Every structure is written in C-alpha cells, then in structure tokens.
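Computed from a predicted model, the values in this text were never measured in an experiment. Positions are given from 1, in the same order as the sequence printed here. Each ligand, and each atom within it, is numbered from 1 in the order the structure gives.
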Amino acid sequence: MELPFSESYKIKMVEPLRRSTREEREQWIKEAKYNLFNLKSNQVFIDLLTDSGTGAMSDRQWGAIMMGDESYAGASSYYNLKNSIQSILGFEYFMPTHQGRAAENVLFSVMVKEGDYIPGNSHFDTTKGHIEFRKAHAVDCTIDEAANTELYHPFKGNVDPAKLEKFMSENHAKVPFIIVTVTNNTAGGQPVSMECLRQVRKIADKYGKRVVFDSARFAENAYFIKIREEGYANKTIKEIVKEMFSYADAMTMSSKKDAIVNIGGFIAMRDNELWRQCSTFNIMFEGYVTYGGMSGRDMNALAVGLDEGTEFDYLETRIKQVEYLGNRLKEFGIPFQYPAGGHAIFVDANKVLPNIPKEELRAQTLAIELYLEAGIRGVEIGTLLADRDPVTRENRYPKLELLRLAIPRRVYTNNHMDVIAVALKNVYDRRNELKHGFDIVWEAPIMRHFTVELERVK
Ligand SMILES: *Cc1c(COP(=O)(O)O)cnc(C)c1O
C-alpha cells in the first residue's frame, strides 16, 4: 500500500486555540460592527484573515534570531541576508525595508512619475496604491481566463502577451517598467508560467524597458512551474527560482509571505546606479541601507527563511494543504476559484449567495456566516474592498465577489482544514434561508474595508 502524504516537519512549540459558542460569537461580531478586522484574535478559532506574517518559524530560524547582530551599520546579519539573496535569487545589490509596501515606496520613488503607465498582470492593492498615489496608472494585462472561476488553466496568473504587446506598441513612451506579480495574488494566488516570464522579458527588451517582479510568493510560483510546466519536473525549486529571476532587473519582496518571517521586506536589483538612487529614499523612509527598518535578528531569520521557503518538501506540504481544503470543498459542491491557488482558497460568493442583492455585500455576508458557524475568520475580496469610484463616489461592484480563506504557513493541520470545509458546507446547505446581507452605516473615505461599520438588513 502506498504511504499517505504527510507534513515534512514535526511540531516543537504549540499555542492553545479557544473554542467559543455561537451565542458568544453573535455578541462579539455585533460588537465588532460586523467587521471581522475588529475582532480580537482570541475571539477567533481558526484565523484565515491572511497568510502575511502569520507563519510559524522553524528551530533554525529561532536559532538565527539568537545570533542577530544589532550593529547600526555593517551588521553580520545584513551580510547573511545579502549572501542568501545573492545565492538564491541571483541579485547582486539589495536593501532591506520594513515590509513589502515599503519596498514599493522606495523603488517607485525612483522609478515612477506622474502620468506614467505600469502594465503587468493584476497589481496588488498596495502596489496599485503606490502607483496611483504618484498620479500614475496601473494597467492590468492578465489573461481573460483568470476571471472565470470554474475554468481550469494551469497558469491563471499569466500576463497576456498580446495585450501587453498592444499596450506597449501604443504607449511605451510613458512606461518606465513592466511589473509581474508572482504568484498573481489578486487573481487568486494563481501562478505565472516560465514561458510567460520569458515572453514578458522579450517584450520589455524590444522597447528597452526594465522588468520588476513583485515577488511575495515567488517560491509557491516556482513549485507550480515544477509540477505543471513541461521541462521543469526534474529541476530543483532553487534552479527554477534562479531562472525566474534571471528575467527580472529588480524585485520587491514582502518577506512576510514566502520567506516565512513575521515582518520584513527588501528590494533587490542588478544595477548599482539604481541601488544608489534607491538608497537616498531608503535612508529617508526606512533606515540606513544595512538595516532599512529591520532588526539584525529579523534579517537573520529572513536569511534562513529564504532557504527553507525554497525547499521542495516544505512547499509540497504547504501547497498540498491548500489543495486538500480545495478538494474537500469540491466534494461538497462549493464553488471557488479553480484550481486552488498557492496560498488561499477564494470562495465564489456570487454563486453561493445569488439571492442576496449585491448592494447587501454577498462576500462579506458569507464571511460573517462562516464566523458565526465555527469561529473561522476569512476576508472579503469584493464590494467593500473595491470601494467607491473616486470621482462619482458610487460603489464599484467588481466582477468577482470572493471570500478569501488564506492559509498561514506551517500553522494549522489538515484536521483544521476539515473543520473549515464542514463549517462552510453547513453554511452552504442553508444558503437559501439567507435572504439579506448588510448595510454600511459608517465608512472611511478610502480603504474603507479595514474600519467599515455594518448592520444587518432586516
Ligand atoms: C503582501 C503583498 C505586498 C505588500 O507587502 P506587505 O509586506 O504587506 O507590505 C505586495 N505585493 C504582494 C503581491 C503581496 O502579496
């Protein structure tokens, strides 16, 4: 008999979880104004709000933390991180930042100016924010298949080379660089193929432009290339990662994702002149160039995390867990962005709750029902997040109304995945009893989803 698949690690330290009653949860979510961000973490049983900074570090990482060098300039921890970035990602120059959006802020301070256009696959919210804040424009050239949740495509995060080429041929004078997000978070943690990265490089070369990777989940992307793309089955993750980054001139990184640390980020590049230009902004916004907002111990943990995060056994455990949850949902007939992405399951709330008017926030309603059912906290990726049109102030209703269940790295077991699947099935089974959602009673002028206050529609 073939041995079943199991985790590539064992557990050395644990943290208790508190179960609650439905009555308690009814009270807590009401007090939280039906906004899951307002819940206290001890009011949550299984927390799937995000996979960012929520991973469990290894004994090697905790060991490296004890060896942190807190010197202001030239700390050994900085050089440990530099070596790790050079050997794993292949970039000669880098600077640490406190997290991914800070890396964007510093790099874009140099590379983006008013009136620019930045094409690529789907831009992450903070990336788009940093582009639009500079009065420039993000241009989404993702393949059309990404918007159809039921359609199988092995690389649903891809840039459509025809769309990109067309945009470049008409607008290249206003394009400072092309950005590719690996994996494509906004499309559901969907991977980008090596073939696509090669094509993007070719188009960039044709117009003499740089390519930047937004790299938060680059290792999960490499895993999908190994499993799904012809010619990569026998390559190691580290070989695949090296080839991926060979098509980029620079990268921004949120280390809170695939580098399995709780805080941190960096920018890496090939060009010394670009490094010099960035260093001024890094010193202004983040800190001196050899720490950039990170402590020595955190840089040490990150250096180890980059190595562990690009090991096949770890990635297989991680991605098979997300896939396991997806398979359980499939068994129950619950519609989600298929195939499962690297870091999360995105449940299609338009298909689960079509009877609720879209003005009453379908995905948020589903998120609240799942919390009430079992104390599971997901997050709405729908109308609340899409916010209002800045000019007309009308609500923007996105094509997809999703409930994202992000899986923290090395934190939960497959028994937890079973609890999530069954809880969602129970909600799904009573979906026709749910006729109404929620009204907004207060919202901030931008980024409303974090602080919005809601009430039940009676
Ligand atoms: C998380 C994320 C960022 C921003 O990083 P932070 O560390 O949260 O500031 C940027 N791009 C992508 C694709 C991300 O997932």
Please report which non-hydrogen protein atom sits nearest to atom 7 (O) of ligand 1, along with the residue it belongs to and the distance in Å to one decimal place. Ser254 OG, 2.7 Å
When you measure from the centre of the six-membered ring of Phe438, is the NZ or CZ of Lys358 under 6.0 Å away and within 45° of the axis? no
Near Thr126, which atoms of ligand 1 are under 4.0 Å from a heavy atom of that residue? 3 (C), 4 (C), 10 (C)
Centroid-centroid distance, Tyr223 to Phe312, less than 6.0 Å: yes
Validate the cation-pi geometry between Arg410 and Tyr314: distance from NZ or CZ to the six-membered ring centre under 6.0 Å, angle to the ring axis within 45°. yes
Which of Gln321, Glu7, Arg328 passes side-chain hydrogen bond (donor to acceptor under 3.5 Å, both in side chains) with Asn414? It is Gln321
Just to confirm my output: which protein heavy-atom neighbour is closest to atom 11 (N) of ligand 1, and how far is it? Asp214 OD2, 2.8 Å
So which heavy atom in the protein is nearest atom 14 (C) of ligand 1, and how far is it from that ligand atom? Lys257 NZ, 2.9 Å
Which ligand 1 atoms does Asn185 reach within 4.0 Å, using its non-hydrogen atoms? 15 (O)
Geometric cation-pi criterion, Lys174 with Tyr117: 6.0 Å, 45°: no
Counting heavy atoms only, which of His98, Lys128, Gln99 is nearest atom 6 (P) of ligand 1? Gln99
In ligand 1, which numbered atoms sit nearer than 4.0 Å to a non-hydrogen atom of Thr181? 13 (C)
Side-chain donor-acceptor pair present, Glu401, Tyr397, cut-off under 3.5 Å: no
Hey, which atoms in ligand 1 end up nearer than 4.0 Å to a heavy atom of Arg217? 15 (O)
Both conditions, 6.0 Å and 45 degrees, for the charged tip of Arg270 above the ring of Tyr93: are they met here? no
Atom 8 (O) of ligand 1 sits nearest the protein heavy atom Arg101 NH2, 2.9 Å
Taking only non-hydrogen atoms of Glu104 and a 4.0 Å limit, the atoms of ligand 1 in range are 10 (C), 11 (N)
Counting each atom of ligand 1 from 1 as listed, which ones have a heavy atom of Lys256 under 4.0 Å away? 7 (O)
Is it possible for you to check whether Lys235 lies under 6.0 Å from the centre of the six-membered ring of Tyr232, through NZ or CZ, and within 45° of that ring's axis? yes
Going by the atom numbers of ligand 1, which of them fall below 4.0 Å from some non-hydrogen atom of Gly100? 5 (O), 6 (P), 7 (O), 9 (O)
